[in-house]
Each structure stands twice: as structure tokens, then as C-alpha cells.
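Each remark here refers to the structure printed beneath this line.
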Amino acid sequence: MTPLSELAQGQQYPTAALYVVATPIGNIADVTLRALHVLGLVDRIAAEDTRNTGQLLARYGISKPLVAVHQHNERAAALRLIEHLQAGERVAYVSDAGTPGISDPGAKLVDAVREAGFPVIPLPGASALATALSVAGDWVATFSFLGFLPSKAKARAATLQSLAKHPHAMVFYEAPHRIVETVQALADAFSGERRLLIARELTKLHEALHRGTLAEGPTWLAADPNRQRGEFVLVVEGAPQEAAGEHDHDALLGILLEELTVSSAAKVAAAITGAPRNALYARALALKADDA
Ligand code: SAM
């Protein structure tokens with residue numbers, strides 16, 4: 001087999017740079033060849049949980065000095081890592097699972113390193129977000145990633161209320177101890193007919209993908225306690241878009257018809273509103289007939 005260093009050579013791997021490396025979200029085979037190349041190349045690996053990452057690296061036969069960088073020490077740890085970069089080291093950062101910075105630490109480290117003048121190089125790979133979306137279907141053609149909803153019921157309800165008219169599919173992350181209340185909160189906040197994808201334990205032994213509606217989500221979870229275990233991505237359909245009403249431009253057409261012919265009124269109204277001219281013409285004709 002071609003060596004990793006040769007396969008990965010389509011890019012430079014400068015010294016004194018931070019490499020932000022995605023790791024698997026479950027199945028440890030979901031690591032990229034380039035991630036393995038870089039993790040083997042760097043002088044030091046900063047990790048959200050050094051024990052967890054040490055075990056993962058051992059499975060790949062990689063052993064490197066590890067530094068803890070988690071949400072409670074991210075800024076201070078960043079300063080220490082910058083000293084290593086100043087000494088010319090290559091440093092990698094990995095979070096516990098998936099892509100750093102996506103509902104995970106990493107963003108503050110990236111800011112600090114870039115502000116200190118060192119390159120930050122991304123290595124793409126697994127993310128629960130992209131994995132769930134890849135099997136959702138056409139209704140998620142546009143989406144917004146919202147991450148974890150607030151844990152307190154009141155704040156969660158307020159957040160969901162502010163999203164009630166959001167036109168794009170919404171992607172949420174959830175942990176097992178809150179999955180039941182979160183799916184119920186979604187069903188309470190939005191119309192029950194909206195589509196819901198529950199993606200559970202992606203890439204793991206008990207992976208499950210449930211497609212249904214928001215209204216039936218709580219019932220599906222309640223039917224088997226095993227369905228409430230593990231890690232979850234929830235994808236919810238966006239708010240249905242109200243079709244433009246036939247009568248939306250009546251007021252404008254009424255004013256224009258006082259001065260203009262049907263054809264001219266339709267032309268001016270189309271220029272003002274952007275609505276189709278033939279539809280406005282038909283409506284103007286009807287208004288004129290009503291008036292006669
Ligand atoms: N950085 C990660 C990524 O790129 O997806 C996310 C980290 S966040 C702390 C952890 C959350 O991601 C979990 O609570 C769950 O919502 C989601 N998640 C991670 N792995 C998952 C998996 N294998 N299946 C389903 N959801 C997962």
C-alpha cells in the first residue's frame with residue numbers, strides 16, 4: 001500500500017502551525033488517512049480529554065505528548081500552546097469526537113493562535129451534523145445548525161418560540177438524559193406535522209435512524225427505553241412558507257386603478273412588488289369588474 005506520507009502529500013505541512021483534526025464520532029475506522037499522517041507528524045497533540053484521546057491514538061499506533069485543552073482552560077492552554085508554536089513545533093488539536101469547534105472546544109484556541117500570527121490548518125472528517133444530514137433527504141436542502149438547546153425548560157421554550165417561523169430545516173444535538181424532554185418541547189413548539197429525523201448512535205453498533213413527524217416523536221421514544229440511550233442528532237423541518245395570497249396586492253391595485261388602465265396598473269404593481277404581472281392583471285381585471 002502507498003505510504004500515508006505519499007498519499008497526503010498534496011498539501012504542505014509547515015512547522016509552527018496548528019492542525020485542527022477531526023476524529024471519528026463512533027466507529028474508529030472513520031478517521032482520514034491525512035488525519036493519521038498529521039497526528040503522526042506533529043510534535044504535540046492538544047486534546048479535549050487526554051485520556052480518551054490517548055486511547056484513540058493507541059488504536060492507531062500513535063504516541064505523542066498530550067496537552068489538555070478543554071472548555072474550562074481553553075484560553076490559558078492556548079497561551080501555552082502558542083509558546084510551543086513559537087518554538088517551531090507542529091501542534092494538532094482534537095476534540096473528544098468529531099470536528100473540533102462544532103459544539104466542542106476549539107474556536108477560542110483557533111482565534112488565539114491566529115491572532116498570535118500562526119497558521120491554523122483544518123483537517124476535515126467526521127461530524128455528527130454532516131453524517132445525519134447526509135441521510136435526511138431533500139427536505140434539508142437548506143438548514144441551520146443550532147447545537148444544544150438550553151437545558152432549562154423556560155429558556156428552551158423561548159428559544160423554540162423564536163424559531164417557530166424559521167424557514168430552513170433545523171439541526172439540534174442532544175444527550176440521552178434530555179432527549180425525551182427535548183423532543184416533547186419541539187413537538188409542543190412547532191406544528192406536529194413537520195418532519196423529524198432522529199439520528200441515534202451514528203456509526204456505532206446500535207445506530208438507529210427514525211423518520212417520522214414531530215407529533216409521533218415522543219411516542220417513538222417512549223415505545224422502547226433503548227431508543228432513549230446514546231447520542232442524538234435531531235433534524236426538524238422548517239416552517240411551511242405561506243403561499244403568496246391572491247388578494248395580497250388588492251390595496252395597491254385599487255389605488256393604481258383609480259388613475260391607470262388595468263394593463264398599466266398590473267405593470268406598475270409588478271414593478272413595485274415583484275409579483276407576476278399576469279396574476280396582477282387577472283386580479284386587477286376582477287377588481288375593476290367588481291367596481292363596475
Ligand atoms: N464535535 C462533534 C461533531 O462534530 O459532531 C460534536 C460534539 S458534541 C459535544 C456531542 C454531541 O454530538 C452529542 O451529544 C450528540 O448530540 C452529537 N453526536 C456526537 N456523536 C454522535 C453520534 N455518533 N451519533 C449521534 N449524535 C452524535
Side-chain angles (χ1 to χ4, degrees), residues 1-131 134 145 147-148 173 202-204 231:
M1 189 177 147
T2 318
L4 281 182
S5 54
E6 207 175 299
L7 289 169
Q9 74 185 191
Q11 197 170 15
Q12 303 288 317
Y13 299 93
T15 55
L18 175 71
Y19 295 85
V20 178
V21 183
T23 56
I25 56 167
N27 192 319
I28 65 159
D30 290 336
V31 69
T32 70
L33 296 177
R34 202 154 77 93
L36 292 180
H37 173 64
V38 164
L39 292 172
L41 183 71
V42 295
D43 301 288
R44 200 171 299 274
I45 299 176
E48 188 183 358
D49 179 333
T50 50
R51 198 163 151 258
N52 182 30
T53 297
Q55 286 170 356
L56 180 73
L57 292 173
R59 299 291 304 272
Y60 301 135
I62 295 171
S63 169
K64 289 284 156 120
L66 297 173
V67 187
V69 179
H70 43 72
Q71 63 176 29
H72 304 296
N73 78 345
E74 200 171 341
R75 282 187 198 282
L79 296 179
R80 282 201 301 281
L81 286 183
I82 288 167
E83 288 173 14
H84 291 296
L85 295 171
Q86 283 162 341
E89 287 191 4
R90 292 184 186 95
V91 177
Y93 177 66
V94 300
S95 61
D96 243 6
T99 302
I102 299 185
S103 289
D104 257 348
K108 292 191 184 82
L109 174 64
V110 164
D111 282 346
V113 167
R114 193 168 285 126
E115 275 161 31
F118 296 99
V120 179
I121 299 167
L123 273 86
S127 173
L129 163 69
T131 308
S134 71
F145 176 61
F148 291 95
Y173 278 175
L202 291 164
T203 77
K204 301 185 197 174
E231 300 190 278

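None of these values were measured; they are calculated from a predicted model.
- Among residues at least two apart or in separate chains, there is no ring pair (Phe, Tyr, Trp, His ring centres under 6.0 Å) pair with a member in residues 90-117.
- Ala16 approaches Pro119 most closely through the heavy-atom pair O-CD, 3.4 Å.
- In this structure, the side-chain contact (heavy atoms from CB on, under 4.5 Å) partners of Gln86, at least two apart in sequence or on a different chain, are Ile82, Glu83, Phe118.
- In this structure, OG1 in Thr2 is found 5.0 Å from CG in Leu7, a value given to the nearest 0.5 Å.
- Side chain to side chain, Asp104 and Ser95 meet the donor-acceptor criterion of an N or O pair below 3.5 Å.
- Counting heavy atoms from C-beta on, the side chains of Leu85 and Val113 come closer than 4.5 Å.
- Across all non-hydrogen atoms, the minimal contact from Ala35 to Ala22 is CB-O, 4.2 Å.
- Note that the CD1 atom of Ile25 and the OG1 atom of Thr203 stand 4.5 Å from one another [nearest 0.5 Å].
- The distance from the CZ atom of Arg34 to the OH atom of Tyr13 is 4.5 Å, given to the nearest 0.5 Å.
- Here CG of Leu33 is found 11.5 Å from CG of Leu123. Values are rounded to the nearest 0.5 Å.
- For the side chain to side chain donor-acceptor pair (under 3.5 Å) test, no residue two or more places apart in sequence or in another chain qualifies with Lys108.
- Looking at Gln9 and His37, their side chains never come closer than 4.5 Å, going by heavy atoms from C-beta outward.
- The side-chain contact (heavy atoms from CB on, under 4.5 Å) test with Ile62 is passed by exactly one of Leu56, Leu41, Leu57, Val42: Leu57.
- Counting heavy atoms from C-beta outward, Phe145 and Ser127 have side chains that stay 4.5 Å or more apart.
- We find the CG-CG distance between Asn27 and Leu202 to be 11.5 Å, quoted to the nearest 0.5 Å.
- Residue pairs meeting the side chain to side chain donor-acceptor pair (under 3.5 Å) criterion with at least one member in residues 48-66, sequence neighbours excluded, are Asn52-Asp96.
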Working for side chain to side chain contact (heavy atoms under 4.5 Å, CB included), residues Val31 and Leu36 | CA-CA 7 Å; Val31 69; Leu36 292 180; 3.9 Å; yes
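- Every residue two or more places apart in sequence or in another chain that forms a side chain to side chain donor-acceptor pair (under 3.5 Å) with Arg44 is listed here: His84, Glu89.
- Asn73 places a side-chain N or O within 3.5 Å of a backbone atom of Ala68 that can act as its donor or acceptor partner.
- Rounded to the nearest 0.5 angstrom, Ile121 CD1 and Leu18 CG are separated by 8.5 Å.
- For Thr99 (side chain) and Ile102 (main-chain N/O), no donor-acceptor pair under 3.5 Å exists by modelled atom type.
- Of all heavy-atom pairs between Ala126 and Pro24, the closest is CB-CA, 4.1 Å.
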Report the C-alpha separation of Val110 and Val20 in whole Å, then their side-chain angles, then the decisive distance to 0.1 Å, and conclude whether the side chain to side chain contact (heavy atoms under 4.5 Å, CB included) test is met.
-> CA-CA 8 Å; Val110 164; Val20 178; 4.0 Å; yes
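- Here Glu74 pairs with nothing under the side chain to side chain donor-acceptor pair (under 3.5 Å) rule; sequence neighbours left out.
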